[in-house]
Participant: 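Pasting a structure below so you can have a look.
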Amino acid sequence: QVQLEESGGGWVQAGGSLRLSCAAVGNVFSNSIMGWYRQAPGNQRELVATISSGGTTDYGSSVEGRFTITRDNRINTVYLQGNNLQPEDTAVYYCNWRRRVTPVGNYWGKGTLVTVSS
């Protein structure tokens with residue numbers, strides 16, 4: 001019922017920045033948690049950051065303060081700003097939309113590739 005449209009992935013040199021965007025479309029409800037997870041070949045999918053409708057955030061330990069997640073509830077869009085990117089940040093980044101109350105839901109985007117070169 002919810003589709004996630006991701007954009008902003010691409011190539012960046014180490015030390016550079018990227019901003020990812022994810023818009024939730026379809027049967028979207030106001031009470032939701034949106035976030036970003038990433039997965040590199042051979043690695044488990046890991047948390048990057050999440051943000052609730054009220055603005056509560058949670059960051060993965062691997063981010064080390066270099067990523068910032070924000071949200072615009074007016075257009076059901078979440079952003080991920082990554083600064084001082086490093087080669088280890090190279091991964092497919094997946095957007096996630098989740099509701100923990102009725103109607104519950106958990107949806108994933110198709111992923112956008114971020115490549116960081118040294």
Participant: Under a 3.5 Å threshold, yes or no: a donor from one side chain and an acceptor from the other, between Arg98 and Thr50?
Facilitator: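 No, because no side-chain N or O of Arg98 sits under 3.5 Å from a partner of the opposite role on Thr50.
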
Participant: Please check if Val12 and Ile69 belong to a single hydrophobic cluster, counting links between Ile, Leu, Val, Met, Phe, Trp and Tyr side chain heavy atoms closer than 4.5 Å.
Facilitator: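 Yes: a chain of side-chain contacts under 4.5 Å links Val12 to Ile69.
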
Participant: Roughly how far, to the nearest 0.5 Å, is the CG atom of Asn83 from the CZ atom of Arg19?
Facilitator: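 Arg19 CZ to Asn83 CG: 11.0 Å, rounded to 0.5 Å.
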
Participant: Please check if any side-chain donor atom of Ser53 sits under 3.5 Å from a side-chain acceptor atom of Arg71, or the reverse.
Facilitator: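 Yes - a donor-acceptor pair under 3.5 Å links their side chains.
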
Participant: Go through it in stages, so that I can follow the logic: the residues are Tyr37 and Trp108, the test is ring pair (Phe, Tyr, Trp, His ring centres under 6.0 Å), and I'd like the CA-CA distance, side-chain angles, deciding distance and then a yes or no.
Facilitator: CA-CA 10 Å; Tyr37 298 75; Trp108 293 90; 5.1 Å; yes

Participant: Closest heavy-atom contact between Asn96 and Tyr107?
Facilitator: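 It is ND2-O, 3.0 Å.
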
Participant: Donor-acceptor pair, Arg99 side chain versus Phe29 backbone, under 3.5 Å?
Facilitator: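 Not at all, since once roles are kept as given, no pair shorter than 3.5 Å links the two residues.
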
Participant: Do the side chains of Gln39 and Val92 get nearer than 4.5 Å, heavy atoms only?
Facilitator: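 Heavy-atom side-chain distance check fails, nothing below 4.5 Å.
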
Participant: Would you kindly check if the NZ (Lys) or CZ (Arg) of Arg45 is within the cone defined by 45 degrees around the ring axis of Tyr94 and under 6.0 Å from the six-membered ring centre?
Facilitator: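 Yes.
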
Participant: Quick one: closest heavy-atom pair of Asn84 and Asp89, and the distance?
Facilitator: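 Taking every non-hydrogen atom into account, O-OD2, 4.4 Å.
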
Participant: Any idea which heavy atoms bring Leu80 and Val48 closest together, and the distance?
Facilitator: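 So the minimum-distance heavy-atom pair works out to CD2-CG1, 3.8 Å.
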
Participant: Nearest heavy-atom pair of Gln86 and Gly15: which atoms, and what distance?
Facilitator: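 Nearest heavy atoms, Gln86 then Gly15: NE2-N, 4.1 Å.
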
Participant: Would a distance-only check, ignoring hydrogens and angles, find a side-chain to backbone donor-acceptor pair under 3.5 Å from Thr112 to Gly9?
Facilitator: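 Indeed, once roles are kept as given, a pair shorter than 3.5 Å links the two residues.
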
Participant: Starting at CG of Leu85, measure out to OG of Ser117 and round the result to the nearest 0.5 Å.
Facilitator: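 Spacing of CG (Leu85) from OG (Ser117) equals 11.0 Å.
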
Participant: For the CD atom on Glu88, are there more than 12 heavy atoms of other groups (residues, nucleotides or ligands in this structure) within a distance under 6.0 Å?
Facilitator: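 Yes, CD of Glu88 has more than 12 neighbouring heavy atoms, counting only those of other groups under 6.0 Å.
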
Participant: Look at Lys110 together with Glu6 and state whether they make a salt bridge at an N to O cut-off of under 4.0 Å.
Facilitator: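 Here Lys110 does not pair with Glu6 in a salt bridge, since their nearest N and O are not under 4.0 Å apart.
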
Participant: State plainly whether one hydrophobic cluster holds both Ile33 and Leu20, where clusters connect Ile, Leu, Val, Met, Phe, Trp and Tyr through side-chain heavy atoms under 4.5 angstrom apart.
Facilitator: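 No, no single cluster joins them.
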
Participant: List the atom of Arg38, the atom of Ala91, and the distance in Å for their closest heavy-atom pair.
Facilitator: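 The answer is CB-CB, 3.9 Å.
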
Participant: Got a second to check how far Met34's CE is from Ser52's OG, nearest 0.5 Å?
Facilitator: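 Met34 atom CE to Ser52 atom OG measures 12.0 Å (nearest 0.5 Å).
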
Participant: Once rounded to the nearest 0.5 Å, what's the spacing between atom CH2 of Trp11 and atom CG of Leu113?
Facilitator: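 The CH2 atom of Trp11 sits 13.0 Å away from the CG atom of Leu113.
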
Participant: Is there a side-chain contact between Asp58 and Leu47 in this structure, where contact means two heavy atoms from C-beta onward sitting under 4.5 Å apart?
Facilitator: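 The answer is yes, as the side chains (C-beta and beyond) meet within the 4.5 Å cut-off.
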
Participant: Counting C-beta onward and ignoring hydrogens, is there a side-chain heavy-atom pair between Val78 and Cys95 closer than 4.5 Å?
Facilitator: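 When only atoms from C-beta onward are counted, Cys95 and Val78 do touch, with a gap below 4.5 Å.
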
Participant: Tell me whether Trp97 is reachable from Tyr59 by hopping between hydrophobic residues (I, L, V, M, F, W, Y) whose side-chain heavy atoms are closer than 4.5 Å.
Facilitator: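 They do share one cluster, since a chain of ILVMFWY contacts under 4.5 Å joins Tyr59 to Trp97.
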
Participant: Look only at the side chain of Thr90 and the backbone of Val116, and say whether a donor-acceptor pair between them is shorter than 3.5 Å.
Facilitator: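 Checking the backbone N and O of Val116 against the side chain of Thr90, a donor-acceptor pair under 3.5 Å is found.
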
Participant: Between Leu4 and Cys22, which heavy-atom pair has the shortest distance, and what is it?
Facilitator: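 Heavy atoms only, the tightest pair is CB-SG, 3.7 Å.
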
